[in-house]
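Written below as structure tokens is the structure these notes are about.
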Amino acid sequence: MEQAALFTIFGGTGDLAKRKLYPSLFRLYKKGNLTKHFAVIGTARRPWSDDHYREIVRETIQDLAPTEEEAQEFSNHFYYLSHNVNDTEHYDQLKDLADELDEKYDLQGNRIYYLAMAPQFFGTIVSHLKSQEILTTTGYNRLVIEKPFGFDYDSANELNNEIRDVFPEQDIFRIDHYLGKEMIQNISVIRFANNIFESLWNNRYIENVQITFSEALGVEDRGGYYEHSGALKDMVQNHILQVVALLAMEVPTSFSNKSIREEKVKVLQAIRRYNPEEVLQNFVRGQYDAGTLDGKDFVAYHDEPNVAEDSLMETFVAGKFMIDNFRWSGVPFYIRTGKRMTEKGTRINIVFKQVPVNVFSSEQEDVSSEEELPQNILTIYIQPTEGFSLTLNGKRIGQGFTTEPVKLDFRQSAEVTENSPEAYEKLLLDALNGDGTNFSHWDEVANSWEIVDRIRNTWDQTTPGFPNYASGTMGPQCAFDLLAKNGHEWAWQP
Ligand code: NAD
């Protein structure tokens, strides 16, 4: 259905706007969610003309093969305003332009403000939107904000107070683009639409849960940013804890924004808060050294551009979360994420408990086979392939009762994956529809920071022995020892 709205993109010349936002808006345009009644104001410091801006916008959608006419018509809805976010006068120009476009395109006062800029500017932009009376009184005013939301609990809380002074919680859309991914959304469907899983989804049947977000890439040209963030804040505070919440939450009473958020928050509240000693027992970190992968040599993290030679920043984290509630008591949720690992992949392994007794143990032909059967594992593949698999034990054909593992494997075809909507496209449409389900609520962000701050603060008191893993490996030895000391191992070992 067509939506009428004015998008104001702060940071309109930036990487995110060009790589993600403009192509996503174009997809929505092609699908008819945006047609005549929309306009986009791009703002940034550079002195661009509308014509130049439109040309850039057209370049960003080339991969989507628009016709000349489509590209022209779409880009004609884009307007550029040179704007320094610290300059109050510029907001007055923005107000005039916004009001003019509202009338021209009949936008009914509906506004989406997208902050695609470094977070230190969020507070000042939002307070100016209010003080310069840019917010409308007729339609809606929604704020979309990029990560990171603060750099610890205190800064996030301060930022939140500034924003909440202007926008009510239901109009704030904190982006965690993982929540827009097809297979992350599929977690809820796998759980709540399949009785065979939901009835087993607890500590009676599940031994442990493993979440891996691995990257083969190094820090690339983001050294400056990464030196302040590290893997813990870059990945665990947001994406990984969101996935833990989706995997562990109770069944919501309905699949609505409010019910899901309530259930996710309860999980985050139930995650055990570790004292410093427990942090050191349950979380380990790593930094990549030089190494070789697929015949290519890679430099160590501390030799990357914009990284200090003696940097103590982690490029890898592994840890164990415990959720102290009836459903999950005693079940470790292991997580790991890192750069320069063997393979790029985001996947979840749900490792089920063994059957109580292996009645086939005396039947095994293979004398070296262990007495216990291999465990059933449900794997959810988030990226690059999308799908899920289930390993079961079957009978090997022939005499006797020798068991062997079999794998039921479903992967979306490359064609389906390529044509599925981009995360940003879905999230922009959600924001247009006012649906906050796939965004992070403040209570989620606050709890996540509380959990992560404890780890960070403990780590900051000790000096790690970095670098401790070679590029192209699945992380330092301590990440394997972490599971081994509980008698577990990583199910995914590429
Ligand atoms: P970028 O550096 O490419 O773009 C920043 C934009 O802000 C530019 O348009 C720049 O002109 C503008 N800007 C800077 N200072 C300004 C000022 N004083 N007044 C007005 N405009 C100013 O950054 P980016 O990669 O596009 O990232 C933007 C935000 O999105 C960040 O919060 C980042 O963490 C987040 N993010 C980016 C990506 C990505 O893929 N690039 C992914 C996830 C999150």
Side-chain angles (χ1 to χ4, degrees), residues 7-25 40-49 52-53 56-57 59-60 78-94 97 112-129 132 134 143-151 155-156 159 163 172-181 184 213 215 217 219-231 233-240 242 306 337 339 344 346 383 422-428 431 438-440 445:
F7 292 86
T8 306
I9 299 182
F10 292 90
T13 61
D15 176 67
L16 181 79
K18 290 195 280 197
R19 274 194 319 114
K20 300 287 182 191
L21 304 185
Y22 302 148
S24 296
L25 287 171
V40 180
I41 302 177
T43 80
R45 272 179 309 188
R46 291 180 206 175
W48 284 2
S49 65
H52 181 65
Y53 182 45
I56 299 284
V57 169
E59 275 169 25
T60 68
F78 285 69
Y79 296 80
Y80 185 80
L81 193 70
S82 172
H83 174 103
N84 183 337
V85 296
N86 297 313
D87 190 331
T88 304
E89 241 178 63
H90 286 175
Y91 290 88
D92 297 334
Q93 293 169 20
L94 180 63
L97 179 59
I112 293 185
Y113 308 93
Y114 198 118
L115 309 193
M117 288 184 62
Q120 70 260 32
F121 298 119
F122 294 173
T124 189
I125 297 174
V126 168
S127 61
H128 277 98
L129 291 177
Q132 303 317 108
I134 293 175
L143 182 72
V144 183
I145 342 181
E146 274 295 335
K147 75 162 199 179
F149 197 86
F151 49 90
S155 59
L159 173 60
I163 290 173
I172 304 173
F173 296 78
R174 297 178 195 81
I175 292 249
D176 184 329
H177 67 275
Y178 267 84
L179 298 180
K181 286 187 186 284
I184 295 282
F213 281 52
E215 288 179 64
L217 290 178
V219 73
E220 308 291 290
D221 55 3
R222 292 174 69 223
Y225 161 76
Y226 208 75
E227 279 283 90
H228 295 285
S229 149
K233 292 185 181 181
D234 192 40
M235 298 298 289
V236 181
Q237 185 272 330
N238 35 57
H239 314 314
I240 289 185
Q242 282 288 336
N306 301 321
T337 181
K339 291 192 179 291
K344 175 184 168 71
T346 306
Q383 65 178 24
E422 251 273 352
Y424 274 95
E425 174 189 341
K426 289 196 196 182
L427 296 174
L428 280 170
N438 298 312
F439 295 82
S440 317
V445 177

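Counting starts at 1 for both ligands and their atoms, in listed order. As the structure is a prediction and not an experimental result, all values here were calculated from the model.
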query: Does Lys181 count as lying over the ring of Tyr178, i.e. NZ or CZ under 6.0 Å from the six-ring centre, within 45 degrees of the axis?
result: yes

task: Tell me, please, whether Phe439 has Arg174 positioned over its six-membered ring: NZ or CZ under 6.0 Å from the ring centre and within 45 degrees of its axis?
output: no

- prompt: When the ring planes of Trp48 and Tyr53 are compared, do they come out parallel, tilted or perpendicular, using 30° and 60° as the limits?
  reply: tilted

query: What residues sit with at least one heavy atom under 4.0 Å from ligand 1?
result: Gly11, Gly12, Thr13, Gly14, Asp15, Leu16, Arg19, Ala44, Arg45, His83, Asn84, Val85, Ala116, Met117, Pro119, Phe121, Glu146, Lys147, Pro148, Tyr424

- request: May I ask you to say whether Lys339 pairs ionically with Glu215, meaning some side-chain N is under 4.0 Å from a carboxylate O?
  value: yes

field: Heavy-atom closest pair, residues Asp234 and Arg222
entry: OD1-NH2, 4.0 Å

field: Between Asp92 and Gln132, a side-chain donor and acceptor under 3.5 Å
entry: yes

